[in-house]
Asker: 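Provided herewith is a single structure, encoded as structure tokens, for subsequent inquiry.
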Amino acid sequence: MKPTPTLARLAATIEARKGGNPNDSYVAKLFDRGPDYVARKLGEEAVEAVVAALAGSDDELIGEAADVIFHLAVLLSARDLSIADALAELDRRDGVSGIAEKASRTPE
């Protein structure tokens, strides 16, 4: 699946700042700290989104959701993956029951 224009712009910005100066770019700073740091940052943002969903305003939830999407896109890029990869997986799952899809995964 092709990302929306917004997601495509986000992905392009992230890729353009990969390897940049960490003093000039938050994205470059995230890459400089490595995928483990970005993963922890994504976790923090996800918790903040949950808190906003439970006790915040709609605007707070929207802001936190945007932060989750942004940090997820950076993490995917840090692993040489993309939002397009995640969207392709959602396309693959389209029309499949969530229960059936989860049951089809091999246990780790």
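Predicted model, so just to flag it, every value in this text is computed and none were measured.
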Asker: For V50, which fellow cluster members are found when Ile, Leu, Val, Met, Phe, Trp and Tyr are connected by side-chain heavy-atom distances below 4.5 angstrom, either directly or through intermediates?
Answerer: L54
Asker: Closest heavy-atom contact between L7 and I83?
Answerer: CD1-CG2, 3.8 Å
Asker: R33: what forms a side-chain hydrogen bond (donor to acceptor under 3.5 Å, both in side chains) with it, not counting sequence neighbours?
Answerer: Y37
Asker: Grouping I, L, V, M, F, W and Y whenever their side-chain heavy atoms are under 4.5 Å apart, do L10 and I62 come out in a common cluster?
Answerer: no
Asker: Rounded to the nearest 0.5 Å, what separation is found between the CG atom of L42 and the CD1 atom of I69?
Answerer: 11.0 Å
Asker: May I have all residue pairs that pass side chain to side chain donor-acceptor pair (under 3.5 Å) and include part of residues 68-84, sequence neighbours excluded?
Answerer: E15-S77, K18-S77, K18-D80, Y26-H71, S82-D85
Asker: Salt bridge between E44 and R40, side-chain N to carboxylate O under 4.0 Å?
Answerer: no
Asker: Provide the closest heavy-atom pair for L75 versus P35 in the form atom of the first, atom of the second, distance.
Answerer: CD1-O, 3.6 Å
Asker: Quick one: closest heavy-atom pair of V38 and L30, and the distance?
Answerer: CG2-O, 3.5 Å
Asker: Any chance you could measure K29, atom NZ, to N23, atom CG, to the nearest 0.5 Å?
Answerer: 7.0 Å
Asker: Could you pull out the closest heavy-atom pair between A49 and L61, with the gap in Å?
Answerer: O-CD1, 3.5 Å
Asker: Restricting to non-hydrogen atoms, name the atom on F70 and the atom on I14 that form the minimum distance, rounded to 0.1 Å.
Answerer: O-CD1, 4.3 Å
Asker: Are there over 12 heavy-atom neighbours, none belonging to D58, within less than 6.0 Å of that residue's CG?
Answerer: no
Asker: Looking only at heavy atoms, which two atoms of A52 and E64 are closest? And how far apart?
Answerer: CB-CG, 4.1 Å
Asker: Looking at CG of L72 and CD of E45, how far apart are the two atoms once the value is rounded to the nearest 0.5 Å?
Answerer: 12.0 Å
Asker: Is it possible for you to say whether V68 and V51 belong to one hydrophobic cluster, with membership spreading through side-chain heavy-atom contacts below 4.5 Å?
Answerer: no
